[in-house]
Amino acid sequence: MNVAIEVSGVSKRYGNLTALDNVSFTVERGEMFGLIGPDGSGKSSLYKILATLTSPDAGSATVCGLDTVKDYVQLRKVIGYMPEKFSLYQDLSVSENLHFFASLFGVSIKDNYDIIAPVFAQLERFPNRRAGALSGGMKQKLALSCALIHRPEILLLDEPTTGVDAVSRSEFWDMLSTLRAKGITILVSTSYMDEATRCGRIALIDKGKILRVNTPDGLVAGLDENLYNASATRMFELLTRLRQLPEVEDCYTFGATLHVVGRKGFNPSSVMDKLRLEGLHDVKVYPAKGDIEDLFIKLTR
C-alpha cells in the first residue's frame, strides 16, 4: 500500500473541549477519501493539522511522508488546501486572485492551466468580476482553482459544498472525479451523507472520534436486515406509537417517511394491525434499503 496521508493517534483539545480523540486512519495515493460527520465533529480541526496550521496535542500526522509539524515548510508546497469558509480576497477579481496564488508558489498559470481547466472553464467568461460578487458555486470553483494552481500532490477540501445548491454540488463532485483521474490524492470532508458514495473509502467521525472506516458498500452491508419504511397521514403520531412498541428497537424520521429498526421477530403485518387498531388506518410498513445515514444514526446512538 502506497500511503499518501497517515494520521496516527491524533488528539486535539481547546481548553476543556476535546476536538479530536485518538484519531487514526490512512489515505492511499490516488484515492478519494471522504471524512463524513456533522458540524462540530472535529473535521476542521483535523484539516488544520494536516494543512500545518496547528499542531496536535498528541499523536502525529504525515502527508507524502512529511511530518505536519517538523516538515511544515516543505509540506506546504505539495498540498492544496481549501478551507470551509471562502478565504480568497473578495475585493480582487477572479484573474487577480488566481495570479496572486500562482505568484505565491512561484508558478506560471499558463504552464499549469491544464490542471485547473476542468474547474476554471466556467470562470473564464468574467475574469474581471470581483470574487465577492460571485455566486456560491462560482466562489467554490475559484477557490478550488487557486488551491490547484501549483499542481499539488494532495488536495485537502474541508466541506467544499456547504451552502451550495444541489446542481453545483453535483458538478463539483464530477470535477473531483476528474482530478482524481489525473492522479491527485483527495481528502474531502462533508456533512452531507449522500455525498459519501462518491468516495472510494470513507471514515465516519463524530465528537472527535472515528467510528468506522470502509468503502461505502462495506459500511452499509447488512443494514437492510430488520430495517423498514413506515408512513401514515399522521406522521408524528406514527413515530410516537412505533417507539412505544416492544418489537421496535429504534424509529426516526428519514426524508418523507420513518425508518424503523425492528428487533428479532419483527413482523410488518402484525405491527400494521396493531397501529390500525389504534386509529392509524392508512399506515404502511415495508422493507427499506439502509444507507450511510442509517449507519451513522445506529453508531451514534
Side-chain angles (χ1 to χ4, degrees), residues 1-87 101 104-105 143-144 146-148 150 152-162 176 180 184-192 195-196 199-214 219 296 299-300:
M1 181 175 65
N2 195 354
V3 175
I5 300 173
E6 183 171 11
V7 179
S8 180
V10 166
S11 295
K12 183 67 179 179
R13 297 176 183 82
Y14 301 100
N16 294 325
L17 174 66
T18 300
L20 296 169
D21 188 0
N22 195 31
V23 169
S24 298
F25 64 89
T26 60
V27 179
E28 298 178 33
R29 284 191 180 275
E31 184 176 24
M32 181 145 68
F33 189 99
L35 193 63
I36 314 298
D39 292 341
S41 60
K43 301 188 299 294
S44 293
S45 293
L46 180 59
Y47 270 85
K48 288 176 182 177
I49 290 172
L50 294 175
T52 76
L53 300 178
T54 189
S55 302
D57 296 326
S60 63
T62 61
V63 180
C64 294
L66 299 170
D67 186 271
T68 58
V69 177
K70 299 175 185 175
D71 307 316
Y72 72 93
V73 175
Q74 303 98 298
L75 184 52
R76 290 177 180 177
K77 298 175 184 178
V78 299
I79 62 172
Y81 173 49
M82 184 174 163
E84 178 183 2
K85 184 178 180 181
F86 183 71
S87 58
F101 279 89
L104 284 180
F105 289 99
L144 182 56
C146 291
L148 285 168
H150 61 296
E153 295 180 45
I154 310 290
L155 196 55
L156 304 175
L157 307 176
D158 187 8
E159 301 216 35
T161 57
T162 297
L176 294 188
R180 179 185 173 277
I184 297 177
T185 303
I186 302 172
L187 176 63
V188 54
S189 72
T190 180
S191 56
Y192 297 117
E195 294 182 343
C199 300
R201 287 190 305 141
I202 59 178
L204 301 181
I205 184 171
D206 186 51
K207 298 177 181 176
K209 294 184 178 181
I210 297 294
L211 305 177
R212 196 165 291 180
V213 180
N214 206 332
L219 285 172
F296 197 89
L299 295 175
T300 54

*How far does CG of Leu176 sit from CD1 of Ile186, to the nearest 0.5 angstrom?*
5.0 Å
*With sequence neighbours excluded, residues passing side chain to side chain donor-acceptor pair (under 3.5 Å) with Arg76*: Thr52
*Taking side chain to side chain contact (heavy atoms under 4.5 Å, CB included) as the test, write out the residues that go with Ala147, two or more places apart.*
Leu155
*Quick check: does any side chain N or O of Asp71 sit under 3.5 Å from a backbone N or O of Gln74, one acting as donor and the other as acceptor?*
no
*Go through the structure and list residues passing salt bridge (charged side-chain N to carboxylate O under 4.0 Å, His left out) with Glu153, not counting sequence neighbours.*
Arg29
_Spatial distance of atom CD1 (Ile154) from atom CD (Glu31) [nearest 0.5 Å]_ = 10.5 Å
*Partners of Phe86 by ring-ring contact (aromatic ring centres under 6.0 Å, His included), sequence neighbours excluded?*
none
*Taking only residues at least two apart or on different chains, which pairs with a member in residues 202-213 satisfy side chain to side chain donor-acceptor pair (under 3.5 Å)?*
none
*How would you list, by chain and number, every residue that makes a salt bridge (charged side-chain N to carboxylate O under 4.0 Å, His left out) with Lys12, sequence neighbours excluded?*
Asp57
*In chain order, what residues pass the side chain to side chain contact (heavy atoms under 4.5 Å, CB included) check against Ser11, with sequence neighbours excluded?*
Arg13, Asp21, Asn22, Ala58
*asked:* Any heavy-atom pair between the side chains of Leu156 and Val63 that's under 4.5 Å?
replied: no
*Mind checking the CG-OH spacing from Leu53 to Tyr72? Nearest 0.5 Å is all I need.*
12.0 Å
*So how far is it from Lys85 NZ to Thr162 OG1, rounded to the nearest 0.5 Å?*
13.5 Å
Contacts table for residues 34-50: side-chain donor-acceptor under 3.5 angstrom, sequence neighbours left out:
unit_1: Ser41; atom_1: OG; unit_2: Pro38; atom_2: O; d: 2.8
unit_1: Ser41; atom_1: OG; unit_2: Lys43; atom_2: NZ; d: 3.4
unit_1: Lys43; atom_1: NZ; unit_2: Gly37; atom_2: O; d: 2.8
unit_1: Lys43; atom_1: NZ; unit_2: Pro38; atom_2: O; d: 2.9
unit_1: Lys43; atom_1: NZ; unit_2: Glu159; atom_2: OE2; d: 3.1
unit_1: Ser44; atom_1: OG; unit_2: Asp158; atom_2: OD2; d: 2.7
unit_1: Ser45; atom_1: OG; unit_2: Tyr14; atom_2: OH; d: 3.4
unit_1: Tyr47; atom_1: OH; unit_2: Leu157; atom_2: O; d: 2.9
unit_1: Tyr47; atom_1: OH; unit_2: Leu187; atom_2: O; d: 2.8
unit_1: Tyr47; atom_1: OH; unit_2: Val188; atom_2: N; d: 3.3
unit_1: Tyr47; atom_1: OH; unit_2: Ser189; atom_2: N; d: 3.0

*Name all residues meeting the side chain to side chain contact (heavy atoms under 4.5 Å, CB included) criterion together with Tyr192; count only those two or more places apart in sequence or in a different chain, and write none if there are none.*
Thr161, Arg169, Thr190, Asp194, Glu195
*asked:* Test of understanding: with side chain to side chain donor-acceptor pair (under 3.5 Å), list the residues that count as partners of Ser8, not counting sequence neighbours.
replied: none
_side chain to side chain donor-acceptor pair (under 3.5 Å) partners for Thr185, two or more places apart_ = none
*asked:* Measuring only between side-chain heavy atoms, which start at C-beta, is Leu204 closer than 4.5 Å to Thr300?
replied: no
*Under the ring-ring contact (aromatic ring centres under 6.0 Å, His included) rule, collect the residues that match up with Phe33, sequence neighbours excluded.*
Phe25
*Roughly how far, to the nearest 0.5 Å, is the OG atom of Ser24 from the CD1 atom of Ile210?*
8.5 Å
*Looking only at non-hydrogen atoms, find the nearest pair between Lys77 and His150 and report the distance.*
O-CD2, 3.4 Å
